[in-house]
**Student:** 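The following block contains the structure, expressed as structure tokens.
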Amino acid sequence: MEANDHILRAAQGEFKLSRLPKRPNELLRAFDAADEYLLDYIAGCLQPTTDARVLLLNDGFGALAVALSAWQPFAMSDSYLSQQATRLNLLANGLPEAGVHLLSSLTPLEGVFDLVLIKAPKTLALLEDQLLRIRPHLTETSKVIVAGMVKALPASVWKLLERLVGATTTSLAKKKARLIFASPDLGLVIPANPYPLYYTLENTGHRIANHANVFSRDSLDIGTRFFLQHLPTYAGAVDIVDLGCGNGLVGLMAAERSPEARVLFIDESFMAVASAEENFRLAFGEGRMASFLVGDGLTAAEPASADAILCNPPFHQQNTIGDHIAVSMFKESRRVLKRNGELWVIGNRHLNYHITLKRLFSKVSPIANNAKFVILKASY
């Protein structure tokens with residue numbers, strides 16, 4: 001067993017699981033008490049028939065998919081890293097990847113599902129979007145179970161389930177985890193899915209689309225607003241990367257400032273990249289070249305291929321807060337930048353990104369700052 005592996009012990013068996021991105025001496029597990037509670041409940045109370053159709057939603061690193069792979073479940077996620085972790089964890093346990101049908105958050109569903117298991121997402125809007133997507137694929141006998149840590153299950157989750165699925169009951173809390181059971185009510189009047197949301201970007205005529213799991217869906221967030229005020233301008237056919245692009249506003253406005261630039265939008269969220277692509281096409285049509293990639297940061301990018309990388313790194317992964325995603329982005333940026341290329345980073349002042357950047361780049365200089373944010377430029 002590798003140092004980063006942790007053992008999930010459940011009624012379905014013992015499974016070694018690891019998180020992505022991998023870090024030396026990882027202390028965080030690839031599963032939580034809500035996964036364990038849900039698997040124990042299923043083993044004791046539910047035994048689907050061999051032809052039952054099972055859908056998993058938001059299975060963080062594939063713990064549920066691995067433990068329940070004998071059922072050949074469908075696993076829907078908005079996270080590329082989640083899907084990759086599921087593949088790796090299936091392989092690590094000698095299970096066939098084909099045993100789990102991996103779906104992106106935007107993949108249309110087909111048929112009906114007998115059992116739907118949902119890990120409560122951090123974003124209530126994502127849960128709303130998911131419930132609206134699965135609602136036509138439920139019958140009166142379908143079983144819907146939401147699992148999460150108590151702190152991730154506010155009253156708004158109950159209300160959303162009752163409004164879009166049906167009456168709910170709950171389990172007792174166990175190891176600070178809880179299960180919510182929703183009974184499909186086919187008589188409910190279900191509203192149309194409101195996502196993606198749209199707004200007009202301030203001081204421009206750009207119409208901005210935002211799928212449910214995109215940060216700041218309703219309006220421009222203050223960090224991006226500050227970044228947009230200080231974006232660089234480049235002459236000629238330079239290669240710009242909007243790394244961790246979200247809805248793509250940074251790359252879109254960089255493209256507007258540098259008309260000959262080629263822009264690559266990258267994010268690990270399927271909904272983010274879909275939003276970025278729609279926003280770019282709404283702004284420029286099909287005539288302007290750009291690329292859109294769902295992936296693990298810059299791991300798939302060629303060395304020395306970018307003239308500029310623009311990055312507003314996330315400081316959380318699911319419900320875990322930390323700078324490990326940002327540090328990984330900075331390291332990969334060092335590899336992917338051309339000589340004299342530039343990494344532009346915005347972050348909250350307290351995150352002290354300049355310390356990490358100075359370990360990786362020979363030149364790090366502040367571009368702008370205010371009471372909350374700082375913009376840094378790094379090169380070598």
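Since we're looking at a predicted model, the values are computed, not measured. Residue numbers count from 1 along this sequence.
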**Student:** Which atom pairs, one a donor and one an acceptor, fall under 3.5 Å between side chains of residues 357-374 and the rest of the protein, sequence neighbours left out?
**Tutor:**
unit_1	atom_1	unit_2	atom_2	d
Asn369	OD1	Arg349	NH1	3.3
Asn370	OD1	Lys372	N	2.9
Asn370	OD1	Phe373	N	2.6

**Student:** Please list, chain by chain and in numerical order, all residues satisfying ring-ring contact (aromatic ring centres under 6.0 Å, His included) with Phe181, sequence neighbours excluded.
**Tutor:** Tyr41
**Student:** Check whether Arg262 reaches the backbone of Ala237 with its side chain - one donor and one acceptor, N or O, closer than 3.5 Å.
**Tutor:** yes
**Student:** Does either side chain, that of Ser77 or that of Ser79, offer a donor lying less than 3.5 Å from an acceptor on the other one?
**Tutor:** no
**Student:** Could you give me the CA-CA distance, side-chain angles and deciding distance for Ser328 and Ile325, then say whether side chain to side chain contact (heavy atoms under 4.5 Å, CB included) is met?
**Tutor:** CA-CA 5 Å; Ser328 176; Ile325 299 292; 5.8 Å; no
**Student:** Tell me if the aromatic rings of Tyr353 and Phe330 count as close, with their centers under 6.0 Å from one another.
**Tutor:** yes
**Student:** Are the side chain of Asp35 and the backbone N or O of Asp32 linked by a donor-acceptor pair below 3.5 Å?
**Tutor:** yes
**Student:** Tell me whether the rings of Phe226 and His230 are parallel (<30°), tilted (30 to 60°) or perpendicular (>60°).
**Tutor:** perpendicular
**Student:** Show, in sequence, the C-alpha distance, side-chain angles and deciding distance for Phe61 and Leu28, and conclude whether the side chain to side chain contact (heavy atoms under 4.5 Å, CB included) test is met.
**Tutor:** CA-CA 12 Å; Phe61 299 98; Leu28 298 174; over 6 Å; no
**Student:** Distance from Ile309 atom CD1 to Glu342 atom CD, nearest 0.5 Å?
**Tutor:** 11.0 Å
**Student:** Parallel, tilted or perpendicular, judged at 30° and 60°: which one describes the rings of Phe292 and Phe265?
**Tutor:** parallel
**Student:** I'd like to know if Val144 and Trp158 are part of one continuous hydrophobic network [Ile/Leu/Val/Met/Phe/Trp/Tyr, side-chain heavy atoms within less than 4.5 Å].
**Tutor:** yes
**Student:** With a 4.5 Å heavy-atom cut-off, do Phe227 and Ile375 have their side chains touching?
**Tutor:** yes
**Student:** Looking at Gly223, is its backbone amide N or carbonyl O close enough to the side chain of Asp221 to form a donor-acceptor pair, meaning the two atoms are under 3.5 Å apart?
**Tutor:** yes
**Student:** At what distance, to the nearest 0.5 angstrom, does CG of Leu56 lie from CG of Leu103?
**Tutor:** 10.0 Å
**Student:** Please report the shortest heavy-atom distance between Asp239 and Ser305, naming the atom on each side.
**Tutor:** CB-O, 3.6 Å
**Student:** Which heavy-atom pair separates Val336 from Glu302 by the least distance, and what is that distance?
**Tutor:** CG1-O, 3.8 Å
**Student:** Test side chain to side chain contact (heavy atoms under 4.5 Å, CB included) on Glu260 and Tyr234 and set out the steps.
**Tutor:** CA-CA 8 Å; Glu260 296 181 62; Tyr234 297 101; over 6 Å; no
**Student:** Side-chain contact, heavy-atom cut-off 4.5 Å: Glu162 with Leu188?
**Tutor:** no
**Student:** Is the backbone of Phe113 close enough, under 3.5 Å, to the side chain of Ser142 for a donor and an acceptor to pair up by distance?
**Tutor:** yes
**Student:** Could you give the distance from CG (Asp296) to CD (Gln83), rounded to the nearest 0.5 Å?
**Tutor:** 13.0 Å
**Student:** With no hydrogens and no angle check, is any side-chain donor or acceptor of Arg217 less than 3.5 Å from a backbone partner on Leu197?
**Tutor:** no
**Student:** Apply the test ring pair (Phe, Tyr, Trp, His ring centres under 6.0 Å) to residues Phe15 and Phe31: give CA-CA distance (whole Å), side-chain angles for both, the deciding distance (0.1 Å), then the verdict.
**Tutor:** CA-CA 11 Å; Phe15 308 95; Phe31 56 93; over 10 Å; no
**Student:** Just by distance, do the side chain of Gln12 and the backbone of Leu39 share a donor-acceptor pair under 3.5 Å?
**Tutor:** yes
**Student:** With rounding to the nearest 0.5 angstrom, report the CZ to CE distance, Phe284 to Met289.
**Tutor:** 14.0 Å
**Student:** I want to check something: taking the side chain as every heavy atom from C-beta on, are Phe215 and Thr224 in contact at a cut-off of under 4.5 Å?
**Tutor:** no
**Student:** How long is the gap from NZ on Lys122 to CG on Leu124, to the nearest 0.5 Å?
**Tutor:** 13.5 Å
**Student:** Would His211 and Asp78 count as a side chain to side chain contact (heavy atoms under 4.5 Å, CB included) if you check the C-alpha gap in whole Å, the side-chain angles of each, and the deciding distance to 0.1 Å?
**Tutor:** CA-CA 11 Å; His211 281 282; Asp78 189 49; over 6 Å; no
**Student:** Applying side chain to side chain donor-acceptor pair (under 3.5 Å), which residue pairs with at least one partner in residues 330-339 are found, sequence neighbours left out?
**Tutor:** Asp307-Lys338, Glu332-Arg335
**Student:** Please check if any side-chain donor atom of Arg87 sits under 3.5 Å from a side-chain acceptor atom of Gln84, or the reverse.
**Tutor:** yes
**Student:** Quick one, Leu310 and Pro232 - any side-chain contact, counting heavy atoms below 4.5 Å?
**Tutor:** yes
**Student:** If we only count heavy atoms from C-beta on, is the Leu153 to Thr170 side-chain gap below 4.5 Å?
**Tutor:** no
**Student:** Where the side chain of Arg288 meets the backbone of Pro259, is there a donor-acceptor pair that is under 3.5 Å apart?
**Tutor:** yes
**Student:** What I want to find out is whether Arg53 reaches Asp114 closely enough, with some N-O distance under 4.0 Å, to be called a salt bridge.
**Tutor:** no
**Student:** Shared ILVMFWY cluster between Tyr199 and Ile222, side chains joined below 4.5 angstrom?
**Tutor:** yes
**Student:** Show the atom names and distances, to 0.1 Å, of all donor-acceptor pairs under 3.5 Å that link a side chain in residues 242-253 to residues at least two apart or in another chain.
**Tutor:**
unit_1	atom_1	unit_2	atom_2	d
Asp242	OD2	Gly251	N	2.8
Asn247	OD1	Leu249	N	3.4
Asn247	ND2	Asn210	OD1	2.8

**Student:** For the residue pair Lys22 and Ser18, what are the closest heavy atoms and their distance?
**Tutor:** CE-OG, 3.6 Å
**Student:** Indicate if Leu298 and Leu376 have the same hydrophobic cluster label, given that clusters are the connected sets of ILVMFWY residues with side-chain heavy-atom separations under 4.5 angstrom.
**Tutor:** yes
**Student:** Are the side chain of Asp129 and the backbone N or O of Ala125 linked by a donor-acceptor pair below 3.5 Å?
**Tutor:** no
**Student:** Once salt bridge (charged side-chain N to carboxylate O under 4.0 Å, His left out) is applied, do any residues pair with Glu128, and if so which ones, sequence neighbours excluded?
**Tutor:** Arg163
**Student:** Taking only residues at least two apart or on different chains, which pairs with a member in residues 274-287 satisfy side chain to side chain donor-acceptor pair (under 3.5 Å)?
**Tutor:** Tyr198-Glu278
**Student:** Hey, is the main chain of Asp59 close enough, under 3.5 Å, to the side chain of Ser82 for a donor-acceptor pair?
**Tutor:** yes
**Student:** Can you check whether Cys311 reaches Leu343 side chain to side chain, under 4.5 Å on heavy atoms?
**Tutor:** yes
**Student:** Can you get from Val294 to Leu264 by hopping between Ile, Leu, Val, Met, Phe, Trp and Tyr side chains that sit under 4.5 Å apart?
**Tutor:** no
**Student:** Measure the CG-CG distance between Leu95 and Leu90 for me, rounded to the nearest 0.5 Å.
**Tutor:** 5.5 Å
**Student:** Can a donor-acceptor pair be found, under 3.5 Å and without considering hydrogens, that links the side chain of Arg178 to the backbone of Ser171?
**Tutor:** yes
**Student:** With a 4.5 Å limit on heavy-atom distance, are the side chains of Tyr37 and Lys175 in contact?
**Tutor:** no
**Student:** Does Val54 belong to the same Ile/Leu/Val/Met/Phe/Trp/Tyr cluster as Val100, with side-chain heavy atoms less than 4.5 Å apart forming each link?
**Tutor:** yes
**Student:** Looking at side-chain heavy atoms only, is the closest gap between Asn93 and Leu17 below 4.5 Å?
**Tutor:** yes
